[in-house]
Amino acid sequence: MYCFEKLKLNKDFRRIYGRGSSFVNPAFVTYVLKNRNKTVRMGITVSKKIGGAVERNRAKRIITAAFRECAPQIVKGHDFVFVARTRILNCKSQDIAADMLENLKAANVLNKTDE
RNA sequence: UCAGUCGGUUGGACGGCUGCGGAUAUUAAAUUAUCUGAGGAAAGUCCGGGCACCACAGGGCAGGAUAACGGCUAACCGCCGCCGAGGGCGACCUUAGGGAAAGUGCAACAGAGAUAUACCGCCGCAUUUUGCGGUAAGGGUGGAAAGGCGAGGUAAGAGCUCACCACACGAAUAGGUAACUAUUUGUGUCUGUAAACCCUAUUCGGUGCAACGCUAAGUAAGACUAUACAUUUGCCCGAUGUGUCUUGAAAAGCGGCUUGAGCCUGUAGGUAACUGCAGGUCGAGAUAGAUAGUCGUCUACAACAGAACCCGGCUUAUAGACCGAGUGAGCAU
RNA sequence: AGGGGUGUCGUCAAGCGGUAAGACAACGGAUUUUGAUUCCGUCAUUCGUAGGUUCGAAUCCUGCCACCCCUG
(Lines give C-alpha, C1' and ligand atoms only; values in the text may rest on other atoms or scores of the structure.)
Protein backbone atom coordinates (compact mmCIF):
# COMPACT_ATOMS: atom_id res chain seq x y z
CA MET A 1 0.00 0.00 0.00
CA TYR A 2 1.16 3.49 -0.84
CA CYS A 3 1.35 5.68 2.25
CA PHE A 4 1.69 9.43 2.74
CA GLU A 5 2.04 11.87 5.61
CA LYS A 6 -0.37 14.60 6.62
CA LEU A 7 0.57 18.23 7.06
CA LYS A 8 -0.30 19.57 10.50
CA LEU A 9 1.65 22.72 11.30
CA ASN A 10 0.47 26.16 10.34
CA LYS A 11 3.97 27.19 9.13
CA ASP A 12 3.98 24.39 6.53
CA PHE A 13 0.67 25.58 5.15
CA ARG A 14 1.93 29.15 4.98
CA ARG A 15 5.10 28.10 3.18
CA ILE A 16 3.11 26.24 0.52
CA TYR A 17 0.59 29.06 0.07
CA GLY A 18 3.39 31.62 -0.32
CA ARG A 19 5.92 29.79 -2.49
CA GLY A 20 3.97 27.00 -4.21
CA SER A 21 2.17 27.04 -7.53
CA SER A 22 -1.63 26.83 -7.62
CA PHE A 23 -4.21 25.22 -9.95
CA VAL A 24 -7.90 26.00 -9.79
CA ASN A 25 -10.94 23.80 -10.33
CA PRO A 26 -14.66 24.46 -9.70
CA ALA A 27 -14.60 22.03 -6.78
CA PHE A 28 -11.21 22.71 -5.16
CA VAL A 29 -7.83 24.49 -5.41
CA THR A 30 -4.48 22.65 -5.51
CA TYR A 31 -1.16 24.01 -4.21
CA VAL A 32 2.09 22.13 -5.02
CA LEU A 33 5.63 22.66 -3.67
CA LYS A 34 8.81 20.55 -3.70
CA ASN A 35 10.18 19.45 -0.34
CA ARG A 36 13.63 18.11 0.63
CA ASN A 37 12.43 14.79 2.07
CA LYS A 38 11.61 11.90 -0.20
CA THR A 39 7.98 11.60 1.00
CA VAL A 40 4.57 12.75 -0.20
CA ARG A 41 2.79 15.02 2.22
CA MET A 42 -0.78 16.31 1.97
CA GLY A 43 -2.91 18.82 3.79
CA ILE A 44 -6.57 19.82 3.47
CA THR A 45 -8.14 23.19 4.21
CA VAL A 46 -11.89 23.44 4.67
CA SER A 47 -13.19 26.80 5.85
CA LYS A 48 -16.40 27.59 7.66
CA LYS A 49 -17.76 28.93 4.36
CA ILE A 50 -18.47 25.34 3.30
CA GLY A 51 -20.98 24.65 6.05
CA GLY A 52 -21.29 22.99 9.43
CA ALA A 53 -19.27 20.19 10.90
CA VAL A 54 -21.03 17.51 8.87
CA GLU A 55 -20.34 19.23 5.55
CA ARG A 56 -16.72 19.97 6.45
CA ASN A 57 -16.07 16.37 7.46
CA ARG A 58 -17.61 15.16 4.22
CA ALA A 59 -15.42 17.48 2.15
CA LYS A 60 -12.31 16.17 3.91
CA ARG A 61 -13.33 12.56 3.33
CA ILE A 62 -13.96 13.08 -0.35
CA ILE A 63 -10.61 14.79 -0.90
CA THR A 64 -8.79 12.09 1.07
CA ALA A 65 -10.46 9.32 -0.96
CA ALA A 66 -9.64 11.02 -4.27
CA PHE A 67 -6.03 11.61 -3.27
CA ARG A 68 -5.64 7.97 -2.29
CA GLU A 69 -6.59 6.97 -5.85
CA CYS A 70 -4.09 9.36 -7.40
CA ALA A 71 -1.28 8.80 -4.93
CA PRO A 72 0.55 5.83 -6.58
CA GLN A 73 1.33 7.90 -9.70
CA ILE A 74 2.93 10.81 -7.87
CA VAL A 75 6.70 11.43 -7.82
CA LYS A 76 8.05 11.48 -4.29
CA GLY A 77 9.29 14.66 -2.70
CA HIS A 78 6.31 17.00 -3.05
CA ASP A 79 3.88 18.68 -0.68
CA PHE A 80 0.23 19.24 -1.59
CA VAL A 81 -2.50 21.40 -0.09
CA PHE A 82 -6.12 21.15 -1.23
CA VAL A 83 -8.59 23.93 -0.44
CA ALA A 84 -12.23 22.89 -0.68
CA ARG A 85 -14.87 25.04 -2.36
CA THR A 86 -18.63 24.96 -1.96
CA ARG A 87 -19.36 22.90 -5.05
CA ILE A 88 -17.52 19.84 -3.69
CA LEU A 89 -20.51 18.74 -1.61
CA ASN A 90 -22.51 17.73 -4.71
CA CYS A 91 -19.64 15.80 -6.37
CA LYS A 92 -18.56 12.16 -6.24
CA SER A 93 -15.03 11.17 -5.40
CA GLN A 94 -14.43 9.73 -8.88
CA ASP A 95 -15.07 13.11 -10.51
CA ILE A 96 -12.79 14.73 -7.99
CA ALA A 97 -10.07 12.18 -8.72
CA ALA A 98 -10.27 12.90 -12.45
CA ASP A 99 -10.01 16.64 -11.86
CA MET A 100 -7.13 16.06 -9.47
CA LEU A 101 -5.20 14.04 -12.07
CA GLU A 102 -5.54 16.90 -14.58
CA ASN A 103 -4.22 19.37 -12.03
CA LEU A 104 -1.30 17.13 -11.14
CA LYS A 105 -0.46 16.63 -14.80
CA ALA A 106 -0.33 20.37 -15.22
CA ALA A 107 2.00 20.55 -12.23
CA ASN A 108 4.40 17.93 -13.71
CA VAL A 109 4.54 15.75 -10.64
CA LEU A 110 3.25 12.50 -12.15
CA ASN A 111 5.41 9.45 -12.74
CA LYS A 112 6.17 9.33 -16.48
CA THR A 113 7.43 5.77 -16.39
CA ASP A 114 4.01 4.39 -15.50
CA GLU A 115 2.29 5.88 -18.52
C1' U B 1 -67.28 10.94 8.91
C1' C B 2 -65.16 15.75 9.74
C1' A B 3 -62.53 19.09 13.01
C1' G B 4 -59.38 19.76 16.93
C1' U B 5 -56.26 18.47 21.82
C1' C B 6 -52.47 15.72 24.40
C1' G B 7 -48.64 11.94 24.90
C1' G B 8 -45.11 8.42 22.92
C1' U B 9 -41.91 5.50 19.29
C1' U B 10 -38.79 5.61 14.96
C1' G B 11 -35.05 8.69 12.34
C1' G B 12 -33.57 4.04 5.93
C1' A B 13 -32.55 -1.57 5.03
C1' C B 14 -29.48 -5.60 2.66
C1' G B 15 -25.13 -7.33 -0.14
C1' G B 16 -20.05 -6.91 -3.02
C1' C B 17 -15.05 -4.39 -3.60
C1' U B 18 -11.43 -0.62 -1.65
C1' G B 19 -10.17 2.05 2.99
C1' C B 20 -10.04 4.66 8.55
C1' G B 21 -9.91 5.04 14.67
C1' G B 22 -9.59 1.83 19.12
C1' A B 23 -8.95 -2.81 22.01
C1' U B 24 -7.11 -7.90 22.31
C1' A B 25 -3.97 -11.81 20.37
C1' U B 26 0.33 -12.71 17.21
C1' U B 27 5.17 -11.29 14.85
C1' A B 28 12.14 -9.21 15.51
C1' A B 29 9.34 -5.53 12.66
C1' A B 30 6.16 -4.27 8.67
C1' U B 31 1.93 -7.20 9.09
C1' U B 32 -2.18 -10.59 9.97
C1' A B 33 -6.79 -12.23 12.60
C1' U B 34 -11.09 -11.22 15.72
C1' C B 35 -14.30 -7.72 18.12
C1' U B 36 -16.02 -2.85 18.13
C1' G B 37 -16.88 2.35 16.48
C1' A B 38 -21.74 9.39 16.90
C1' G B 39 -27.17 11.76 18.52
C1' G B 40 -32.29 12.69 19.92
C1' A B 41 -30.85 16.61 19.90
C1' A B 42 -23.90 14.88 19.97
C1' A B 43 -25.95 21.73 18.63
C1' G B 44 -26.66 26.49 21.59
C1' U B 45 -23.53 26.86 26.13
C1' C B 46 -28.73 28.92 29.28
C1' C B 47 -28.91 26.53 34.49
C1' G B 48 -27.41 22.58 38.25
C1' G B 49 -23.98 18.76 39.91
C1' G B 50 -19.73 15.32 39.85
C1' C B 51 -14.39 15.47 39.33
C1' A B 52 -9.58 18.25 39.87
C1' C B 53 -6.70 22.15 41.96
C1' C B 54 -6.36 26.68 45.00
C1' A B 55 -2.03 28.93 51.83
C1' C B 56 -9.76 25.18 54.03
C1' A B 57 -13.86 28.19 52.31
C1' G B 58 -14.26 32.88 58.17
C1' G B 59 -17.04 38.03 59.16
C1' G B 60 -19.16 42.74 57.15
C1' C B 61 -20.67 45.81 52.96
C1' A B 62 -21.73 45.57 47.88
C1' G B 63 -23.54 42.23 43.91
C1' G B 64 -26.21 38.07 41.42
C1' A B 65 -30.21 34.43 41.29
C1' U B 66 -34.97 32.55 42.85
C1' A B 67 -40.28 33.77 44.60
C1' A B 68 -48.20 30.52 45.86
C1' C B 69 -48.14 25.32 48.24
C1' G B 70 -46.73 19.92 48.79
C1' G B 71 -43.39 16.39 46.89
C1' C B 72 -39.08 14.16 43.70
C1' U B 73 -33.81 14.61 43.12
C1' A B 74 -26.79 14.39 44.16
C1' A B 75 -28.48 19.33 42.80
C1' C B 76 -31.29 22.96 40.08
C1' C B 77 -33.79 28.96 36.95
C1' G B 78 -35.49 21.39 36.52
C1' C B 79 -39.65 17.77 36.89
C1' C B 80 -44.48 15.84 39.05
C1' G B 81 -48.98 16.93 41.62
C1' C B 82 -52.13 20.67 43.24
C1' C B 83 -54.21 25.87 44.33
C1' G B 84 -55.20 30.81 42.39
C1' A B 85 -55.57 33.94 37.80
C1' G B 86 -56.42 34.20 32.36
C1' G B 87 -58.02 31.80 27.52
C1' G B 88 -61.07 27.86 24.95
C1' C B 89 -68.14 25.09 23.62
C1' G B 90 -64.76 21.09 25.16
C1' A B 91 -60.45 17.63 25.40
C1' C B 92 -56.91 21.07 27.14
C1' C B 93 -53.46 25.30 27.10
C1' U B 94 -50.74 29.70 29.30
C1' U B 95 -48.88 31.69 33.84
C1' A B 96 -41.29 35.68 36.98
C1' G B 97 -47.99 34.04 40.91
C1' G B 98 -44.27 37.47 47.88
C1' G B 99 -44.87 42.85 49.71
C1' A B 100 -48.16 49.18 47.04
C1' A B 101 -51.67 50.30 55.13
C1' A B 102 -42.28 50.95 55.67
C1' G B 103 -40.48 54.83 52.51
C1' U B 104 -39.02 57.33 47.73
C1' G B 105 -39.98 57.98 42.50
C1' C B 106 -43.01 58.01 37.88
C1' A B 107 -48.04 58.50 35.45
C1' A B 108 -46.66 62.09 28.60
C1' C B 109 -51.02 64.17 25.93
C1' A B 110 -55.98 65.24 27.25
C1' G B 111 -58.66 67.08 31.41
C1' A B 112 -61.01 71.91 36.21
C1' G B 113 -58.45 68.19 38.93
C1' A B 114 -53.75 62.37 38.83
C1' U B 115 -53.83 61.61 45.03
C1' A B 116 -55.49 65.84 45.18
C1' U B 117 -59.40 69.42 42.77
C1' A B 118 -63.89 72.69 41.25
C1' C B 119 -64.39 74.30 34.48
C1' C B 120 -69.65 73.88 33.05
C1' G B 121 -73.36 72.75 36.59
C1' C B 122 -76.78 72.54 41.33
C1' C B 123 -78.11 75.29 45.99
C1' G B 124 -78.01 79.53 49.63
C1' C B 125 -76.87 84.76 50.62
C1' A B 126 -75.59 89.51 48.84
C1' U B 127 -75.86 91.91 44.37
C1' U B 128 -76.46 92.75 39.15
C1' U B 129 -72.61 92.29 32.14
C1' U B 130 -71.14 89.52 38.96
C1' G B 131 -68.99 88.27 44.16
C1' C B 132 -68.74 85.00 48.53
C1' G B 133 -69.93 80.30 50.66
C1' G B 134 -71.75 75.04 50.38
C1' U B 135 -71.75 70.55 47.28
C1' A B 136 -69.88 66.48 44.08
C1' A B 137 -75.79 63.85 41.78
C1' G B 138 -75.04 65.10 36.15
C1' G B 139 -71.51 66.75 31.75
C1' G B 140 -66.88 66.19 29.29
C1' U B 141 -61.08 64.04 29.39
C1' G B 142 -58.38 59.74 30.35
C1' G B 143 -55.78 53.30 30.98
C1' A B 144 -57.31 55.05 35.92
C1' A B 145 -61.79 60.39 38.69
C1' A B 146 -62.97 58.16 45.71
C1' G B 147 -67.13 50.88 44.70
C1' G B 148 -72.27 49.78 41.91
C1' C B 149 -77.55 50.37 42.14
C1' G B 150 -82.14 51.67 44.67
C1' A B 151 -84.58 54.04 48.83
C1' G B 152 -84.40 57.50 52.87
C1' G B 153 -82.42 62.19 53.80
C1' U B 154 -81.25 67.54 52.27
C1' A B 155 -81.47 74.42 50.60
C1' A B 156 -78.67 71.41 46.99
C1' G B 157 -75.96 67.15 47.90
C1' A B 158 -72.75 63.40 49.90
C1' G B 159 -71.85 55.56 52.75
C1' C B 160 -74.53 60.76 55.81
C1' U B 161 -78.12 56.29 56.96
C1' C B 162 -80.37 51.55 55.29
C1' A B 163 -81.29 46.99 51.97
C1' C B 164 -78.88 44.08 48.05
C1' C B 165 -74.35 43.18 45.32
C1' A B 166 -68.75 43.55 44.50
C1' C B 167 -63.93 43.81 46.70
C1' A B 168 -60.08 44.02 50.86
C1' C B 169 -58.68 42.66 55.84
C1' G B 170 -59.68 40.09 60.62
C1' A B 171 -62.31 36.09 63.36
C1' A B 172 -65.12 31.41 63.76
C1' U B 173 -66.84 26.66 61.68
C1' A B 174 -66.23 22.62 57.88
C1' G B 175 -62.84 20.23 54.15
C1' G B 176 -57.49 19.77 52.78
C1' U B 177 -50.45 17.75 54.89
C1' A B 178 -50.51 22.81 52.78
C1' A B 179 -51.36 26.81 49.34
C1' C B 180 -56.50 27.45 49.40
C1' U B 181 -61.92 26.71 49.03
C1' A B 182 -67.09 27.10 51.10
C1' U B 183 -70.38 29.29 54.78
C1' U B 184 -71.30 32.80 58.79
C1' U B 185 -69.90 37.29 61.11
C1' G B 186 -67.26 42.12 62.18
C1' U B 187 -64.60 46.39 60.16
C1' G B 188 -63.63 49.15 55.88
C1' U B 189 -64.03 51.20 50.30
C1' C B 190 -57.50 52.74 50.34
C1' U B 191 -55.60 54.64 41.84
C1' G B 192 -51.81 52.00 38.97
C1' U B 193 -46.70 50.68 38.62
C1' A B 194 -41.87 46.68 42.40
C1' A B 195 -39.71 42.67 34.44
C1' A B 196 -38.89 51.59 38.79
C1' C B 197 -35.64 52.13 43.29
C1' C B 198 -36.70 49.28 47.34
C1' C B 199 -38.39 45.72 51.54
C1' U B 200 -38.90 40.42 53.09
C1' A B 201 -37.40 35.17 52.75
C1' U B 202 -34.07 31.48 50.67
C1' U B 203 -29.46 30.87 48.28
C1' C B 204 -24.41 31.70 45.81
C1' G B 205 -16.00 30.62 47.81
C1' G B 206 -12.96 30.80 43.15
C1' U B 207 -10.98 28.57 38.75
C1' G B 208 -12.05 25.19 34.95
C1' C B 209 -9.63 18.83 31.64
C1' A B 210 -5.74 24.39 27.79
C1' A B 211 -8.12 21.97 35.40
C1' C B 212 -4.39 18.91 37.47
C1' G B 213 -0.20 15.15 37.79
C1' C B 214 4.33 12.78 35.67
C1' U B 215 8.52 12.53 32.11
C1' A B 216 11.78 15.09 28.81
C1' A B 217 14.08 19.80 27.64
C1' G B 218 15.68 24.32 29.82
C1' U B 219 17.25 26.65 34.42
C1' A B 220 20.46 32.47 30.98
C1' A B 221 20.18 38.04 31.87
C1' G B 222 18.20 42.29 34.48
C1' A B 223 15.23 44.85 38.31
C1' C B 224 12.83 45.16 43.20
C1' U B 225 12.56 43.43 48.17
C1' A B 226 10.08 42.81 54.60
C1' U B 227 6.33 49.63 55.89
C1' A B 228 7.54 44.17 50.34
C1' C B 229 4.99 40.83 47.19
C1' A B 230 1.35 37.08 46.44
C1' U B 231 -3.40 34.07 47.34
C1' U B 232 -8.28 34.09 49.29
C1' U B 233 -14.56 37.32 44.09
C1' G B 234 -15.36 43.73 43.82
C1' C B 235 -13.96 46.53 48.61
C1' C B 236 -12.68 46.34 53.98
C1' C B 237 -11.30 43.30 58.11
C1' G B 238 -9.23 38.76 59.23
C1' A B 239 -6.14 34.53 57.73
C1' U B 240 -1.99 32.25 55.24
C1' G B 241 2.70 31.83 52.48
C1' U B 242 8.06 33.52 51.25
C1' G B 243 10.92 35.37 47.33
C1' U B 244 8.54 38.28 43.39
C1' C B 245 8.46 40.71 38.59
C1' U B 246 10.20 41.68 33.43
C1' U B 247 12.63 40.06 28.96
C1' G B 248 14.56 35.89 26.20
C1' A B 249 14.63 30.57 25.13
C1' A B 250 11.70 26.15 25.14
C1' A B 251 6.57 24.87 24.72
C1' A B 252 7.29 17.83 23.11
C1' G B 253 5.11 13.28 25.03
C1' C B 254 2.17 10.27 28.58
C1' G B 255 -1.69 10.04 32.16
C1' G B 256 -6.41 12.37 33.44
C1' C B 257 -10.14 9.19 29.40
C1' U B 258 -14.45 6.47 30.28
C1' U B 259 -17.91 1.10 34.95
C1' G B 260 -21.27 5.43 35.40
C1' A B 261 -26.23 9.47 40.44
C1' G B 262 -24.84 3.66 33.80
C1' C B 263 -28.27 0.84 30.47
C1' C B 264 -32.08 -3.26 29.65
C1' U B 265 -35.96 -6.61 31.55
C1' G B 266 -39.20 -8.04 35.43
C1' U B 267 -41.49 -6.92 39.98
C1' A B 268 -43.19 -3.89 44.45
C1' G B 269 -44.61 1.09 46.39
C1' G B 270 -46.54 5.90 44.71
C1' U B 271 -52.07 9.75 41.22
C1' A B 272 -47.21 11.16 39.16
C1' A B 273 -42.16 12.85 39.06
C1' C B 274 -39.45 9.02 41.24
C1' U B 275 -37.68 5.10 44.49
C1' G B 276 -36.60 -0.06 46.36
C1' C B 277 -35.46 -5.23 45.06
C1' A B 278 -33.98 -9.33 41.62
C1' G B 279 -31.67 -10.84 37.09
C1' G B 280 -28.81 -9.56 32.80
C1' U B 281 -25.16 -6.48 30.30
C1' C B 282 -20.37 -3.43 28.90
C1' G B 283 -22.34 -0.03 24.23
C1' A B 284 -16.70 5.38 20.98
C1' G B 285 -12.42 7.56 23.40
C1' A B 286 -9.86 10.60 18.74
C1' U B 287 -5.72 14.77 19.32
C1' A B 288 -5.40 18.75 12.22
C1' G B 289 -9.22 14.94 15.07
C1' A B 290 -11.67 7.99 13.03
C1' U B 291 -17.97 5.72 10.66
C1' A B 292 -16.03 6.79 4.40
C1' G B 293 -15.73 6.00 -1.14
C1' U B 294 -18.11 3.35 -4.94
C1' C B 295 -21.52 -0.32 -7.28
C1' G B 296 -26.32 -3.12 -7.15
C1' U B 297 -31.66 -3.92 -5.19
C1' C B 298 -36.23 -1.76 -2.58
C1' U B 299 -38.88 2.83 -1.60
C1' A B 300 -40.80 8.74 -1.63
C1' C B 301 -33.16 9.70 -4.64
C1' A B 302 -34.84 10.66 3.79
C1' A B 303 -35.06 15.84 7.64
C1' C B 304 -32.06 18.34 11.41
C1' A B 305 -27.36 17.36 12.03
C1' G B 306 -20.91 15.00 14.01
C1' A B 307 -18.65 12.97 20.56
C1' A B 308 -13.70 16.08 22.47
C1' C B 309 -13.73 15.22 30.91
C1' C B 310 -18.61 13.16 32.44
C1' C B 311 -23.81 13.34 33.98
C1' G B 312 -29.22 15.72 35.08
C1' G B 313 -32.26 19.35 32.80
C1' C B 314 -33.69 23.71 29.65
C1' U B 315 -33.81 26.02 24.80
C1' U B 316 -33.49 25.73 19.61
C1' A B 317 -33.46 22.71 14.55
C1' U B 318 -36.03 18.42 12.47
C1' A B 319 -38.51 15.40 5.88
C1' G B 320 -41.44 11.48 6.65
C1' A B 321 -43.67 7.02 8.98
C1' C B 322 -46.25 4.64 13.05
C1' C B 323 -48.94 3.96 17.84
C1' G B 324 -52.08 5.33 21.94
C1' A B 325 -55.67 8.34 25.03
C1' G B 326 -59.44 12.10 25.59
C1' U B 327 -62.91 16.14 23.20
C1' G B 328 -66.64 18.76 19.98
C1' A B 329 -70.13 18.55 15.82
C1' G B 330 -73.09 15.78 12.31
C1' C B 331 -75.35 11.10 10.81
C1' A B 332 -77.05 5.96 11.86
C1' U B 333 -78.64 2.23 15.47
C1' A C 1 -13.50 26.69 27.85
C1' G C 2 -14.66 31.43 29.94
C1' G C 3 -16.09 36.65 29.38
C1' G C 4 -17.87 41.24 26.93
C1' G C 5 -20.35 44.14 23.17
C1' U C 6 -23.42 45.55 18.86
C1' G C 7 -27.98 45.21 15.77
C1' U C 8 -32.47 51.95 14.33
C1' C C 9 -33.68 54.71 6.36
C1' G C 10 -29.34 52.63 0.95
C1' U C 11 -24.70 54.45 4.44
C1' C C 12 -22.98 56.92 9.16
C1' A C 13 -25.69 57.41 13.36
C1' A C 14 -28.78 60.33 17.95
C1' G C 15 -32.72 58.88 21.05
C1' C C 16 -32.75 54.72 26.59
C1' G C 17 -40.64 54.55 29.18
C1' G C 18 -44.87 59.18 26.23
C1' U C 19 -45.65 61.52 18.17
C1' A C 20 -38.23 57.87 15.85
C1' A C 21 -33.41 63.93 15.75
C1' G C 22 -29.53 64.87 12.17
C1' A C 23 -25.86 64.28 8.08
C1' C C 24 -24.62 62.00 3.32
C1' A C 25 -27.10 59.49 -0.69
C1' A C 26 -31.68 58.97 -3.73
C1' C C 27 -36.11 61.27 -5.90
C1' G C 28 -39.09 65.82 -7.24
C1' G C 29 -39.06 71.17 -7.83
C1' A C 30 -36.77 76.33 -8.03
C1' U C 31 -32.36 79.17 -9.75
C1' U C 32 -29.17 78.61 -14.76
C1' U C 33 -28.67 78.75 -21.98
C1' U C 34 -26.78 73.79 -19.76
C1' G C 35 -24.05 71.54 -15.60
C1' A C 36 -21.94 72.22 -10.64
C1' U C 37 -22.99 75.15 -6.21
C1' U C 38 -27.16 77.02 -3.44
C1' C C 39 -32.43 76.88 -1.71
C1' C C 40 -37.21 74.15 -0.84
C1' G C 41 -39.77 69.59 -0.39
C1' U C 42 -40.30 63.93 -0.14
C1' C C 43 -38.25 59.36 2.09
C1' A C 44 -38.50 54.57 8.91
C1' U C 45 -46.22 51.44 8.46
C1' U C 46 -42.44 44.82 12.27
C1' C C 47 -36.20 49.99 15.57
C1' G C 48 -32.53 41.97 14.19
C1' U C 49 -36.57 38.24 15.64
C1' A C 50 -40.58 35.73 19.03
C1' G C 51 -43.06 36.47 23.49
C1' G C 52 -44.05 39.08 28.23
C1' U C 53 -44.53 43.47 32.01
C1' U C 54 -47.09 48.31 31.47
C1' C C 55 -52.56 52.66 30.09
C1' G C 56 -48.34 52.93 26.68
C1' A C 57 -41.97 49.62 24.86
C1' A C 58 -36.83 51.32 19.95
C1' U C 59 -36.13 51.89 25.43
C1' C C 60 -37.59 47.27 30.83
C1' C C 61 -37.42 41.49 31.21
C1' U C 62 -36.84 36.48 28.91
C1' G C 63 -35.72 33.10 24.80
C1' C C 64 -33.66 32.77 19.88
C1' C C 65 -30.73 34.78 15.21
C1' A C 66 -26.54 37.26 13.04
C1' C C 67 -21.95 39.78 13.57
C1' C C 68 -17.64 41.61 16.24
C1' C C 69 -14.01 41.69 20.20
C1' C C 70 -11.06 39.93 24.56
C1' U C 71 -8.46 36.00 27.87
C1' G C 72 -5.96 31.23 28.08
Side-chain angles (χ1 to χ4, degrees):
Chain A
M1 186 58 218
Y2 196 90
C3 57
F4 54 89
E5 293 181 17
K6 278 186 177 177
L7 290 173
K8 298 179 181 179
L9 296 179
N10 190 21
K11 56 184 182 184
D12 291 338
F13 276 86
R14 270 196 226 149
R15 204 188 74 234
I16 294 166
Y17 287 146
R19 305 171 70 185
S21 46
S22 67
F23 304 92
V24 187
N25 241 21
F28 60 94
V29 183
T30 312
Y31 290 84
V32 184
L33 186 66
K34 276 188 184 178
N35 65 355
R36 292 180 183 175
N37 312 325
K38 292 188 174 179
T39 55
V40 175
R41 299 194 299 173
M42 188 267 277
I44 305 173
T45 300
V46 185
S47 73
K48 260 191 180 177
K49 238 186 277 175
I50 303 287
V54 176
E55 283 81 16
R56 294 204 300 269
N57 270 346
R58 181 173 162 76
K60 284 186 232 168
R61 280 176 202 141
I62 290 173
I63 290 175
T64 313
F67 188 74
R68 193 169 281 121
E69 286 188 26
C70 306
Q73 310 177 25
I74 293 173
V75 179
K76 290 184 180 178
H78 287 89
D79 290 345
F80 299 91
V81 170
F82 298 100
V83 180
R85 309 174 89 180
T86 12
R87 215 178 281 180
I88 202 169
L89 297 175
N90 302 323
C91 296
K92 289 192 171 186
S93 76
Q94 295 164 340
D95 308 338
I96 301 295
D99 292 343
M100 196 178 281
L101 274 179
E102 281 183 21
N103 272 5
L104 299 178
K105 219 178 256 177
N108 267 333
V109 293
L110 292 185
N111 253 333
K112 289 171 185 173
T113 54
D114 286 355
E115 292 178 4

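To find a chain, count down the sequence lines: A is the first, B the second, and so on, and within it residues start at 1.
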Without decimals, in angstroms, what is the distance between A/Asn57 CG and B/G21 C1'? 13 Å
Can you tell me how far C1' in B/U200 sits from the matching atom in C/U46, rounded to whole Å? 41 Å
Please determine whether side-chain contact (heavy atoms from CB on, under 4.5 Å) holds for the pair A/Phe23 and A/Glu102, giving the CA-CA distance in whole Å, both sets of side-chain angles, and the decisive distance to 0.1 Å. CA-CA 10 Å; A/Phe23 304 92; A/Glu102 281 183 21; over 6 Å; no
Glycosidic torsion of B/A55 (syn if within 90° of 0, anti otherwise) classifies it as syn
From CD of A/Glu55 across to C1' of B/A43 the rounded distance in Å is 13 Å
Would you measure the distance from the C1' atom in B/C69 across to the matching atom in B/U181 and give it in whole Å? 14 Å
Do the side-chain N or O atoms of A/Arg61 get closer than 4.0 angstrom to the phosphate oxygens (OP1, OP2) of B/U291? yes
Find the distance between CZ (A/Phe82) and CD1 (A/Ile62) and round it off to the nearest 0.5 Å. 14.0 Å
Could you tell me which non-hydrogen atom of A/Asn103 sits nearest to which non-hydrogen atom of A/Thr30, and how far apart they are? ND2-OG1, 2.9 Å
From CZ of A/Phe82 over to P of B/A288, roughly how many Å is that when rounded to an integer? 20 Å
Between atom CZ in A/Arg56 and atom P in B/A42, what is the gap in whole Å? 19 Å
Hunt down the Watson-Crick or G-U wobble partner of B/C277, both distances under 3.5 Å, from any strand shown, or write none. B/G266
In B/G142, glycosidic geometry as syn within 90° of 0 or anti otherwise: anti
Comparing A/Ala65 and A/Lys60 on RNA chain B - which has the more 5′ nearest nucleotide: A/Lys60
Please find the pair of heavy atoms, one from A/Ala84 and one from A/Phe28, that lie closest to each other, and give the distance. CA-CB, 4.4 Å
Enumerate the protein-to-nucleotides 301-303 of chain B contacts in which both atoms are nitrogen or oxygen and the separation is below 3.5 Å.
none

Nearest-angstrom distance, P atom, B/C76 to B/G60: 23 Å
Determine which nucleotide pairs with B/C20, using a 3.5 Å limit on both distances of a Watson-Crick or G-U wobble pair. B/G37
Is B/G283 in the syn range, within 90° of 0, or in the anti range? syn
If pairing means Watson-Crick or G-U wobble with both distances under 3.5 Å, then the partner of B/A196 is B/U104
Atom P, compared across B/G276 and B/G238: separation rounded to whole Å: 50 Å
Please give the distance between the P atoms of C/U8 and C/U31 as a whole number of Å. 40 Å
Can you check the distance between B/A300 and B/G320, where both ends of the measurement are the C1' atom (answer in whole Å)? 9 Å
Rounded to whole angstroms, how far apart are CZ on A/Arg58 and C1' on B/G293? 9 Å
If pairing means Watson-Crick or G-U wobble with both distances under 3.5 Å, then the partner of B/A43 is B/U315
Between B/C51 and B/A43, how far is it from one P atom to the other, in whole Å? 24 Å
Partner nucleotide, any strand, of B/G58 [Watson-Crick/G-U, under 3.5 Å]: B/C237
B/A300 pairs with, by Watson-Crick or G-U criteria that keep both distances under 3.5 Å: none
Please measure how far the C1' atom in B/U95 lies from the corresponding atom in C/U42, and state the result in whole Å. 48 Å
For a quick test of reading the model, state the closest non-hydrogen atom pair linking A/Lys60 to A/Ile44 and the distance between them. O-CD1, 3.8 Å
Indicate syn or anti for B/G71, taking the glycosidic torsion and treating anything within 90° of 0 as syn. anti
What is the base-pairing partner of C/C24, counting Watson-Crick and G-U wobble geometry with both distances under 3.5 Å? C/G10
Glycosidic torsion of B/A302 (syn if within 90° of 0, anti otherwise) classifies it as syn
For B/C257, the nucleotide meeting Watson-Crick or G-U wobble distances (both under 3.5 Å) is none
